[in-house]
Amino acid sequence: MKAPQKCGYAAVLRLLHAAFSLFLLCSCSDGAGDEASDGDGDAEYESEIDEVAGYVVSVELTPPSSSGYPAQQIIGLNVDDFEGSFTLRRAVNYSGRVVDPDGNAAEAVISLSYSQNNGHIPGHSLSSLTVSSSVVADVGEAVFSVDLLPGIYSRFVNPKNEADFPPLVLRDGLEVSERLSETITFLRGYALSGSIYDHDQQPGVGLRVQAYESSDTRYRSNIVVSNNEGRFTDLRLPNYPGRYNIELSAGEAQPLFPTTVFKELIWVGDHGILNPENGQLNIETEQFIPEECDISGDVTGKDGQPVAGAVLVFSGVIGGGRFERQATCDEKGRYAISLLRVRAGHPEDTYTLTILPPVESDYAILKSETLDCGAESHVYNFELDYRSKLSGVVLSPDDEALAGVEVQASKKASQDETTVYVKSVITDTDGKYSIGIDPGTYDISFIPPAGTEYGRVSVYDIKLSSDGVLDQKLARGRVFAGKVLDADGLLAPSVYIEIYRIRPQKQSADLIGAGSTDTGGAFEIILP
């Protein structure tokens with residue numbers, strides 16, 4: 001990194017590399033693996049193909065949209081017991097209208113998801129079905145309609161205008177087995193009012209106020225805005241017992257106010273608000289800080305080239321609340337942004353910075369320790385290091401180089417999150433590949449071209465902190481073939497099929513094969 005051009009400030013920003021050396025944990029479905037190193041910080045490994053009794057997979061079928069059939073899943077299929085065909089299920093129409101507590105039309109967004117007792121493919125469940133209701137002018141009603149697979153659903157209904165009512169969460173095990181129509185009615189909720197002020201008794205003007213249940217953020221209030229006296233009224237809590245947090249965030253009057261959460265200020269019982277007893281809440285927060293700090297500069301790579309499209313994420317803890325802003329570099333690698341200024345004499349006010357270069361670039365993510373934002377303006381220039389290189393060669397069982405194999409790196413996001421796709425490359429005529437990725441933990445998949453006899457291979461939990469080597473030998477796979485039929489027994493062409501192996505201990509699913517039915521509804525997929 002180049003030194004900041006602003007005199008008087010020493011912003012020590014450096015890329016945090018892990019101190020550990022590169023190693024690879026090569027795991028099968030049971031998590032077992034080996035580790036080796038050549039002594040130079042690089043490592044070469046070979047993965048293993050699972051050999052398990054009863055080849056059990058889960059299948060996702062995605063018919064073309066023109067077919068009228070929705071995507072659907074078959075969970076826990078034993079390939080050895082496969083009878084040769086899949087039959088698509090017809091969708092069931094679920095429709096109705098949405099009204100407010102007074103029976104008037106209320107526009108809403110309705111999300112429906114399979115209940116937890118239904119099987120699904122982790123990370124690929126058919127739960128993100130969303131439909132927006134709309135007011136039909138000639139009848140004056142807000143109606144909705146969506147086609148669902150038969151099953152049991154829970155519903156989340158969010159008002160189009162979030163200031164009107166609290167969202168409605170209906171965990172009622174809605175069973176959809178045949179055409180169904182009903183009316184969804186918003187609940188008015190429990191009303192709460194209050195005042196916002198700082199230590200000097202100055203009112204918190206124009207702040208957004210919202211409450212949410214501390215253990216489940218889907219149970220939220222509506223959003224209200226405090227007036228010129230710092231007062232807010234008619235904050236509606238949902239009819240759900242629990243302990244609620246209050247969140248204050250920036251509004252038009254104070255666009256730089258840091259988001260501040262006050263833990264469990266409100267207790268709601270089965271029949272109303274228990275605390276505060278009178279439904280009046282006074283909130284004292286840190287002193288309101290309207291001062292701005294203008295930050296600008298350049299982002300370049302190690303080679304001095306501008307990094308166009310790099311995103312700078314400034315995260316602060318200011319005045320006891322969270323404050324985050326983002327800036328994107330232009331084609332010359334330049335950025336500019338206004339941040340909330342830190343307060344003199346308050347060491348708890350700090351900023352950290354993360355720079356995210358475009359995925360396709362050769363530059364690595366930069367993470368800083370702290371950033372000085374104590375004056376009216378600063379100029380900071382940053383230099384990004386190169387990404388680590390993972391390279392190797394892909395061979396056939398006969399030790400022949402395999403060209404055209406896709407090598408795909410998926411980075412582990414964090415605990416309790418699914419993996420996040422990063423990037424992929426294709427092996428050359430010599431079977432060689434080289435992929436630039438940031439330090440972190442990855443799953444690496446080797447995907448042979450369609451029409452070959454080889455099965456795909458995945459190697460799990462690669463911990464990469466420097467350049468490394470990963471050679472891979474593909475094995476001949478097994479043929480999984482059959483047909484897809486529609487509900488009338490007719491052959492279904494152009495159905496996209498994905499085959500997954502579930503890893504229950506990690507609540508994840510690995511794609512081990514994919515293909516589509518031909519014009520005759522037949523498919524042939526190579527599995528490991």
Side-chain angles (χ1 to χ4, degrees), residues 1-19 250 255-259 289-318 322-344 347 349-390 409 411 413 420-423 425 434-440 464-467:
M1 188 205 77
K2 299 177 184 177
Q5 295 178 349
K6 179 74 175 179
C7 297
Y9 295 96
V12 182
L13 302 170
R14 59 182 180 269
L15 179 62
L16 300 178
H17 284 293
L256 295 181
F257 183 82
T259 299
I289 317 165
E291 296 178 300
E292 297 184 36
C293 174
D294 294 327
I295 305 290
S296 61
D298 301 322
V299 178
T300 59
K302 200 75 173 178
D303 53 3
Q305 295 299 310
V307 186
V311 177
L312 295 87
V313 182
F314 299 85
S315 299
V317 179
I318 313 296
R322 305 184 313 275
F323 184 84
E324 183 171 299
R325 289 290 186 274
Q326 295 185 6
T328 301
C329 291
D330 62 17
E331 66 279 0
K332 297 181 179 180
R334 296 173 181 170
Y335 72 93
I337 191 171
S338 292
L339 303 177
L340 185 62
R341 196 188 308 181
V342 300
R343 302 168 299 171
D349 289 358
T350 59
Y351 274 103
T352 59
L353 169 68
T354 300
I355 301 180
L356 306 171
V359 170
E360 64 274 10
S361 78
D362 293 325
Y363 305 114
I365 293 174
L366 184 148
K367 293 185 178 180
S368 76
E369 289 182 338
T370 60
L371 188 70
D372 189 351
C373 295
E376 289 186 4
S377 63
H378 293 278
V379 175
Y380 290 139
N381 297 327
F382 303 99
E383 184 179 85
L384 304 186
D385 207 343
Y386 290 112
R387 285 184 165 129
S388 299
K389 295 288 185 182
L390 182 67
K411 187 176 183 181
V420 175
Y421 170 73
V422 177
K423 64 190 305 185
V425 295
S434 179
I435 185 169
I437 49 181
D438 294 294
L464 183 68
S465 62
S466 61
D467 291 351

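Side chains are part of it too, since the values below use all heavy atoms of this structure and drop only hydrogens, waters and symmetry mates. As the structure is a computational prediction, the values presented were derived from the model and not from experiment.
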- Message: Is there a side-chain contact (heavy atoms from CB on, under 4.5 Å) between V342 and T350? Walk through the geometry before answering.
- Response: CA-CA 7 Å; V342 300; T350 59; over 6 Å; no
- Run the numbers on V313 and K367 for side-chain contact (heavy atoms from CB on, under 4.5 Å), then give the verdict. CA-CA 10 Å; V313 182; K367 293 185 178 180; over 6 Å; no
- Query: Taking it one step at a time, do L312 and L353 satisfy side-chain contact (heavy atoms from CB on, under 4.5 Å)?
  - Reply: CA-CA 7 Å; L312 295 87; L353 169 68; 3.9 Å; yes
- Apply side-chain contact (heavy atoms from CB on, under 4.5 Å) to the pair C373 and I295, showing each step before the final yes or no. CA-CA 8 Å; C373 295; I295 305 290; 4.0 Å; yes
- Task: Show your reasoning for whether salt bridge (Lys or Arg N to Asp or Glu O under 4.0 Å) applies to D438 and R387.
- Result: CA-CA 5 Å; D438 294 294; R387 285 184 165 129; 3.2 Å; yes
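Between the side chains of S388 and D467, no donor N or O sits under 3.5 Å from an acceptor N or O. Between the side chains of E383 and T300, no donor N or O sits under 3.5 Å from an acceptor N or O.
Applying the salt bridge (Lys or Arg N to Asp or Glu O under 4.0 Å) rule to pairs touching residues 329-343 yields E286-R343, E291-R341, D298-R334, R343-E348, R343-D349, sequence neighbours excluded.
A 4.5 Å side-chain heavy-atom check between Q305 and Y363 finds at least one atom pair inside the cut-off. Counting heavy atoms from C-beta outward, L340 and F314 have side chains that stay 4.5 Å or more apart. For the pair T354/I365, a side-chain contact is recorded, criterion being any heavy-atom separation below 4.5 Å from C-beta on.
Smallest separation of non-hydrogen atoms from Y380 and D372: OH-O, 3.1 Å. What you find for L256 and P290 is that their closest heavy atoms are CD1-O, 4.4 Å. Shortest non-hydrogen contact noted between A250 and F257 is CB-O, 3.6 Å. Looking at every heavy atom in both residues, V425 comes nearest to S434 through CG1-O, 3.8 Å. Residue G297 comes nearest to V379 through the heavy atom pair CA-CG1, 4.4 Å, listed as atom of the first residue, atom of the second, then distance. Taking all atoms of both residues into account, the shortest heavy-atom contact from P357 to L384 is CB-CD1, 4.0 Å.
Atom CG of L464 sits about 11.5 Å away from atom NZ of K389, to the nearest 0.5 Å. I437 CD1 to K411 NZ: the interatomic distance, rounded to the nearest 0.5 Å, is 9.0 Å. Between the SG atom of C293 and the CD1 atom of I318 there is a distance of 10.0 Å, given to the nearest 0.5 Å. Expressed to the nearest 0.5 Å, how far CZ of F382 lies from CG of L366 amounts to 7.5 Å. For the atom pair OG1 (T328) and OH (Y335), the distance works out to 12.5 Å, reported to the nearest 0.5 Å. For the atom pair CG of D303 and CG of D362, the computed distance is 8.5 Å after rounding to the nearest 0.5 Å.
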